[in-house]
Number of protein chains: 2
Amino acid sequence: MSDALGSDQSPPALLIRKLASTAQLSDRDRGAIGMLPFAVLTFPGRTSIVHEGDAPKQCCLILDGWAYRCRTLANGQRQIFAFYVPGDMPDIESLHLHVMDQGLVAIAQTTVAFVAHKDMRALIQSNTNVAMALWRDTLIDATRCRERVISLGRRQAVGRMAHLFCEMYVRLRTVALADDLRYLLPLTQAELADALGLSSVHANRSLQELRKMGLVTLHRRELIIQDWSGLATTAEFDPSYLHLI
Amino acid sequence: MSDALGSDQSPPALLIRKLASTAQLSDRDRGAIGMLPFAVLTFPGRTSIVHEGDAPKQCCLILDGWAYRCRTLANGQRQIFAFYVPGDMPDIESLHLHVMDQGLVAIAQTTVAFVAHKDMRALIQSNTNVAMALWRDTLIDATRCRERVISLGRRQAVGRMAHLFCEMYVRLRTVALADDLRYLLPLTQAELADALGLSSVHANRSLQELRKMGLVTLHRRELIIQDWSGLATTAEFDPSYLHLI
DNA sequence: CGAGGTTTTGACTCCACTCAATAGACGTGG
DNA sequence: CCACGTCTATTGAGTGGAGTCAAAACCTCG
């Protein structure tokens, strides 16, 4: 994985840039975030960052790599709810909801910065504006979740996949991890299937369909969008739900 | 529709009870909420409370009736994301995200109390604890959305429907609108279908299947759960995601 | 009683699933 | 550098869940 969000790679700097991409931050806000103590840890691919059922005492910020949130059902089927990329804080909600009802898993090798809940709480107590920005961020996460509901409920396989490809492109571009209509997509087809509510066989066939339509290629984890407007059309993709400034 | 949440039916009292059902509120918090100016309005069934694309200047609190959030796709298909019942504030997010990317529709006749954004903002600025409770509430809403993702992605029709019936029972019970394993479900089968990502024909057949299994009956808008544990089992329902205290 | 919405049924189609086998990629160690 | 095991991707054949279309039965209410 390459650098995200430009030059300063310190966790606070990344978080500041991320929040500033969807909300206004004052200098005082930036200063307060800059004081947050982070602990950086690296997880190998396919390992659990937070387990289903855990009650974490810290929040995490993805610095490098990808992670996903998922749950496994009784029959062994898995559903992936969301993907998280550098700049995202997948589990701010653990500040308010004490038991995680889903796990957080690193996809490729993933570097994560942890902040203790007590430090986050101190920050948001003393700094309403930052609290609002974080709240807003969780609301955007919910918006993406709703978009997934539409996909699963009302789009068929090819459209769902196209939609995911569009969303990840736009999101990765805001953290400088995609440009020129291409990005690293560190997922297996089985993981894609688990996110899209498909079997892996059908995920494979849908991907082939997108290739055949001349919209994308995916080879060795590199996704290349050959026809953005075609892809966006088959996905019925409208990026406004991402609420980027 | 009958009374929700006990005796005092004023909007602030309802909101206080609702927030207190998932978070701790001090007397100061309760006092501050009590001062909120609400404007009460009643909507006939099947009318829009907030339109897709609106930028509301107020939040709403359901006092009586049901509402749902939905979006219509280009081909005319509809997806319902969530149902809201008395005590719920479906669009607190409009405080942070200024354009609604989905509409809010009254199902049966529904009474709603509106609070201006500026009053809500004043409340949460001066009262961190209330802000946290509201934030928490939006996170629980997101949790329900994720549960819907699992349903749509990994459960089949009968299980999805069973899951919705379980969820609504538990939620309505916390506002005293369900007990004795029965409640008013003011939805047509077409609306049920739009929530579950099904065609209305298949929604009908799934409902018949639940009847045939002896789990529920639904007649004249009254849902009767005949076998709770059977229903919860076919739904794989685990209420912890609702984060009720 | 009639009109309009809602629920139910039937027949047919098709999208997506399962099972199973093959092919390709990748990494490790001999 | 090749052999091997292990993932991952691909293909085929058969099945089944859910969709579509259309008509009939049923409320409900003016």
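Residue numbers begin at 1 in each chain, while the letters A, B, ... track the order of the sequences.
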Inset, instruction - Could you verify whether a donor N or O on one side chain and an acceptor N or O on the other, from A:Tyr84 and A:Asp91, lie under 3.5 Å apart? - result: no
Legend entry - Minimum heavy-atom distance B:His51-B:Met100, with the two atoms named: O-CB, 4.3 Å
Legend entry - nucleotides 23-30 of chain D: protein proximity per nucleotide (B base, S sugar-phosphate only, - neither; heavy atom, under 4.0 Å): -----S--
Inset, instruction - Please report how far the helix from C:dC1-D:dG30 to C:dG30-D:dC1 bends, comparing the axis fitted to its first five pairs with the axis fitted to its last five, to the nearest 10 degrees. - result: 30°
Return a table of donor-acceptor pairs under 3.5 angstrom between the side chains of residues 185-194 of chain B and protein atoms on other chains or two or more places apart.
from     : atom 1 : to       : atom 2 : distance (Å)
B:Thr188 : OG1    : B:Ala190 : N      : 3.4
B:Thr188 : OG1    : B:Glu191 : N      : 3.1
B:Thr188 : OG1    : B:Glu191 : OE1    : 3.4
B:Gln189 : OE1    : B:Asn204 : ND2    : 2.8
B:Glu191 : OE1    : B:Arg46  : NH2    : 2.6
B:Glu191 : OE1    : B:Thr188 : N      : 3.0
B:Glu191 : OE2    : B:Arg46  : NE     : 3.1
B:Glu191 : OE2    : B:Arg46  : NH2    : 3.1
B:Asp194 : OD1    : A:Arg154 : NH2    : 3.0
B:Asp194 : OD2    : B:Arg78  : NE     : 2.9
B:Asp194 : OD2    : B:Arg78  : NH2    : 2.7

Legend entry - Side-chain donor or acceptor of A:Tyr169 paired with backbone N/O of A:Leu181 under 3.5 Å: yes
Inset, instruction - Could you tell me which non-hydrogen atom of B:Ala142 sits nearest to which non-hydrogen atom of A:Ala142, and how far apart they are? - result: CB-CB, 3.9 Å
Inset, instruction - Mark up nucleotides 10-19 of chain D, 5' to 3', with B wherever a protein heavy atom is under 4.0 angstrom from a base atom, S wherever such an atom reaches only the sugar-phosphate, and - elsewhere. - result: BBBB----BS
Inset, instruction - For B:Leu218 and B:Leu207, work out which heavy atoms get closest and say how close. - result: CD2-CD2, 3.8 Å
Inset, instruction - Apply side-chain contact (heavy atoms from CB on, under 4.5 Å) to B:Val158 and B:Leu210, showing your working. - result: CA-CA 7 Å; B:Val158 171; B:Leu210 287 174; 3.6 Å; yes
Legend entry - Over all atoms of both residues, closest heavy-atom pair of A:Thr110 and A:Gly65: OG1-CA, 3.8 Å
Legend entry - First-last contacting nucleotides on DNA chain C - partner chain B, under 4.0 angstrom, heavy atom: C:dT6 to C:dA11
Legend entry - Check: A:Ser151 main-chain N/O paired with A:Arg160 side-chain donor or acceptor under 3.5 Å: yes
Inset, instruction - Could you tell me whether B:Arg221 contacts a base, only the sugar-phosphate backbone, or nothing, with contacts defined as non-hydrogen atoms closer than 4.0 Å? - result: sugar-phosphate
Inset, instruction - State whether the side chain of B:Arg146 and the backbone N or O of A:Cys145 hold a donor-acceptor pair below 3.5 Å, judged by distance alone. - result: no
Legend entry - Parallel, tilted or perpendicular: ring planes of A:Phe43 versus A:Phe114, cut at 30 and 60 degrees: perpendicular
Inset, instruction - For B:Asp88, check salt bridge (Lys or Arg N to Asp or Glu O under 4.0 Å) against everything at least two apart and list the hits. - result: B:Lys18, B:Arg171
